[in-house]
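These numbers come from the heavy atoms of this one structure, side chains and all, not from hydrogens, waters or symmetry mates.
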Amino acid sequence: MTDTAQRRTVAKVAVHPVQAPPPAGDRRRRRLADQARAYGFLVGGLVCFALFSWYPAIRAVVIAFQKYTPGGEPEWVGTANFTRVFADPEFTAAWRNTLTFTLLALLIGFAIPFVLALVLNELRHAKAFFRVVVYLPVMIPPVVSALLWKWFYDPGTGLANEALRFLHLPTSNWSNGADTALVSLVIVATWANMGGTVLIYLAALQSIPGELYEAAELDGANVLQRVRHVTIPQTRFVILMLMLLQIIATMQVFTEPFVITGGGPENATVTVLYLIYKYAFLYNDFGGACALSVMLLVLLGAFSAVYLRLTRTEGESA
């Protein structure tokens, strides 16, 4: 090494001296401080969940076995609330409407997002624009969306019947008819919530290797055959997960019947969650409302357990 190089090395060492590692005690204190901050954030989240999620749920289970009125002394009545709710004629109608709504949502609202995702995935231009258009209903507040559709369904001057008159087609009572109200609400729920489902399907479709489609085309498969033999098998796990999530969500439908139909006509759109609202805030029967809530909790808990089991199995296989 020349003298000039040696002087440069000595100058660099003088300007940037090598720092010794901190003592073990300082490192330990710093690690403990980081862990304390992390646990502090964790405790804050747990406290919020305990106050606003877990405690109300546990309290509802307790009230389901009590005769409870606000300001009064709770009285333990065992399963009397469940017996009274079972005997209510609206109980059967609410469960029938809820299960029918869920089935119709699967038939109507489950296929449409998948088809839209297939179409958007094949677009070559303006993909971002159409994704925003499809997702736009999700960004509208649910109550505002329901009010818009209530005006849309108006049998007199609503846009739906105006469009049918323009096309010289027979009009409909839509949400005001006992035989068409539930289907009308399913259309509203499908339109309002399909944006997120479409984006999830798009992500799943774009993860499929292109070589599979190329091999199918070389074998002479048409579009429908490629969807059947390539797309659906490659996205079956996502389809199953979204189906379970949609069942859990649609069985808790409340906003659409509350805002658009008020449970009518003739109890045609009374759902379980809407009946819980009626027991609690119209009948002032919190015991019956909580008894219904426990029934719904048990059913949705079963679907949630299936969902968690499937996701755990898929994670272990991956």
Side-chain angles (χ1 to χ4, degrees), residues 98-140 142 145 149 167 182-253 256 299-318:
T98 300
L99 294 176
T100 304
F101 185 94
T102 302
L103 179 61
L104 291 174
L106 288 177
L107 294 177
I108 299 174
F110 193 71
I112 292 177
F114 187 72
V115 174
L116 281 176
L118 290 174
V119 173
L120 291 178
N121 192 52
E122 295 298 325
L123 291 178
R124 294 293 178 266
H125 305 286
K127 273 189 176 183
F129 170 76
F130 285 107
R131 288 176 186 174
V132 171
V133 170
V134 170
Y135 193 75
L136 186 61
V138 181
M139 296 184 284
I140 301 176
S145 176
W149 278 90
L167 298 173
L182 204 60
V183 177
S184 301
L185 297 187
V186 171
I187 294 173
V188 176
T190 300
W191 176 83
N193 300 302
M194 70 179 179
T197 306
V198 170
L199 293 185
I200 294 174
Y201 277 137
L202 270 175
L205 292 174
Q206 292 174 1
S207 66
I208 300 176
E211 294 82 2
L212 297 178
Y213 289 108
E214 294 175 2
E217 290 179 3
L218 291 175
D219 290 337
N222 57 31
V223 175
L224 293 179
Q225 290 173 332
R226 291 198 297 270
V227 171
R228 177 184 176 186
H229 297 289
V230 178
T231 305
I232 294 179
Q234 290 294 316
T235 58
R236 63 183 183 277
F237 177 73
V238 176
I239 292 174
L240 181 58
M241 293 302 99
L242 290 177
M243 181 182 296
L244 288 172
L245 291 176
Q246 181 168 335
I247 291 174
I248 294 171
T250 52
M251 292 196 71
Q252 302 177 74
V253 60
E256 289 82 6
L299 183 60
L300 296 182
F303 283 110
S304 300
V306 173
Y307 171 79
L308 293 174
R309 177 62 180 173
L310 290 175
T311 52
R312 184 183 308 167
T313 303
E314 181 68 15
E316 291 174 354
S317 62

Spatial distance of atom [atom1] ([X]) from atom [atom2] ([Y]) [nearest 0.5 Å]:
X	Y	atom1	atom2	answer
T190	I108	OG1	CD1	6.0 Å
L103	I247	CG	CD1	9.5 Å
I112	L107	CD1	CG	10.5 Å
L106	F101	CG	CZ	10.5 Å
E256	T250	CD	OG1	10.5 Å
Y201	T235	OH	OG1	7.5 Å

Decide side-chain contact (heavy atoms from CB on, under 4.5 Å) for L199 and L202; before the verdict, give the C-alpha distance in whole Å, the side-chain angles of both, and the deciding distance to 0.1 Å.
-> CA-CA 5 Å; L199 293 185; L202 270 175; 4.2 Å; yes
Any non-hydrogen side-chain atom of [X] less than 4.5 Å from a side-chain atom of [Y]?
X	Y	value
L185	V253	no
V238	F114	no
Q246	T102	no

Hey, mind stepping through W149 and S184 against side-chain contact (heavy atoms from CB on, under 4.5 Å) and telling me if it holds?
-> CA-CA 9 Å; W149 278 90; S184 301; over 6 Å; no
Please answer whether the main-chain N or O of A221 pairs with a side-chain N or O of D219 as donor and acceptor at a distance below 3.5 Å.
-> no
Does any N or O in the side chain of E122 come within less than 3.5 Å of the main-chain N or O of L118, such that one atom is a donor and the other an acceptor?
-> no
